[in-house]
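One structure is given here, and the rest of the page talks about it.
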Amino acid sequence: MPQTGKLKTKRPLKTLERAFSKAGLGSRTDARSWIAAGRVRVNGKTVRNPDQWVDLKLDRITLDGKPLQPAAKTYILLYKPKGYLTTARDPDGRPTVYDLIGGAGTWLSPVGRLDLDTSGLLLMTNDTAFAETVTDPHHKVPKTYQIKAATLLDDEQIERLRQGVELSDGPTRPAVVRRLRDGAKRTYLEMTITEGRNRQVRRMIEAVGSKVQKLVRTAIGPVHIADLPIGTWRNLAGEEVAALKFDAETQRRGGSRL
Ligand code: URA
């Protein structure tokens with residue numbers, strides 16, 4: 001039957017450089033260098049523009065003559081130690097999370113970030129839709145941190161964290177805050193927030209007049225770091241991926257527990 005009117009088809013269009021990271025072959029920077037070196041062809045023609053749109057279903061893309069194969073969806077949980085960057089490369093040669101995930105078998109991108117000085121749970125995946133769902137603030141996925149504050153915090157300071165504090169980029173949403181214990185001079189807290197703004201936990205603690213001495217992310221939604229040794233990683237179980245997606249959708253529809 002001839003097509004009339006508007007037919008909406010969802011075409012898998014990506015930029016050429018993006019096609020490589022999606023196929024799990026390397027970062028976009030890697031892809032740019034392969035493209036610039038003339039190693040990439042689209043439908044038999046060498047292409048040197050990394051921003052050219054390609055249709056992943058229809059176009060035949062090759063690297064050194066080998067066709068691009070879609071990578072299996074992979075999700076890992078890394079226990080990032082302090083001192084590792086959440087980026088692929090550092091001009092100063094500092095260690096990055098990629099130094100820790102050899103053996104994952106495919107190119108993975110971090111789901112959000114952890115500061116250099118923060119340790120704990122970092123998800124990495126080649127499933128961009130999943131990464132967007134988990135990081136999109138509208139989905140309000142809860143992220144739990146254990147915090148060593150540099151001072152003792154009184155109940156009023158903890159209550160202010162619970163209610164939400166004013167930061168330079170606007171007020172924070174309410175948080176779930178639990179005092180774990182007080183040392184002689186410091187308070188240990190657990191805090192769950194549903195946003196992922198830059199250095200948010202550190203800035204919240206500063207907003208109530210203290211400072212973070214140690215910060216560890218222990219959970220994202222229903223996924224916990226549990227007893228995974230620091231500096232190691234494991235694959236997420238299918239149930240964990242499903243539970244995280246389910247939670248994100250539920251939170252978005254207004255089922256927030258916070
Ligand atoms: N909040 C911070 O301040 N730092 C992190 O790394 C994560 C959350």
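Hydrogens, waters and symmetry mates play no part in the numbers below; they use all other heavy atoms, side chains included. We're numbering straight along the sequence, starting at 1. Ligands are counted one by one from 1 in listed order, and the atoms in each one are counted from 1 as well.
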I'd like to check Val54 versus Val47 (side-chain heavy atoms, cut-off strictly below 4.5 Å). Are they in contact?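 In short, these two side chains do not touch, never coming nearer than 4.5 Å.
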With a 4.5 Å heavy-atom cut-off, do Arg41 and Ile61 have their side chains touching?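 Result no, sub-4.5 Å side-chain heavy-atom pair not found.
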Does ligand 1 have any N/O atom under 3.5 Å from a protein N/O, and what are those pairs and their distances?
from	atom 1	to	atom 2	distance (Å)
ligand 1	1 (N)	Val201	N	3.1
ligand 1	3 (O)	Arg199	O	3.3
ligand 1	3 (O)	Gln200	N	3.4
ligand 1	3 (O)	Val201	N	3.2
ligand 1	3 (O)	Arg202	N	3.0
ligand 1	4 (N)	Asp115	OD2	2.7
ligand 1	6 (O)	Asp115	N	2.8
ligand 1	6 (O)	Asp115	OD2	3.4
ligand 1	6 (O)	Thr118	OG1	2.9

Taking only residues two or more places apart in sequence, or in another chain, which ones meet Trp107 in a ring pair (Phe, Tyr, Trp, His ring centres under 6.0 Å)?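 Listed in chain order: Tyr98.
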Would you mind telling me which of Met191, Glu190, Gln213 makes a side chain to side chain contact (heavy atoms under 4.5 Å, CB included) with Ile147?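 Among the candidates, only Met191 passes.
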Give me the other members of the hydrophobic cluster that Leu228 sits in, counting Ile, Leu, Val, Met, Phe, Trp and Tyr linked by side-chain heavy atoms under 4.5 Å, directly or via other members.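 Its cluster mates, by chain and number, are Tyr75, Leu77, Tyr79, Val111, Leu121, Leu123, Phe130, Val134, Val141, Val216, Ile220, Val223, Ile225, Ile230, Leu236, Val241, Leu244.
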Taking only residues at least two apart or on different chains, which pairs with a member in residues 149-165 satisfy side chain to side chain donor-acceptor pair (under 3.5 Å)?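 As it turns out, the side chain to side chain donor-acceptor pair (under 3.5 Å) pairs with a partner in residues 149-165, which skip direct neighbours, are Thr151-Ser210, Asp155-Arg179, Glu159-Arg162, Glu159-Gln163.
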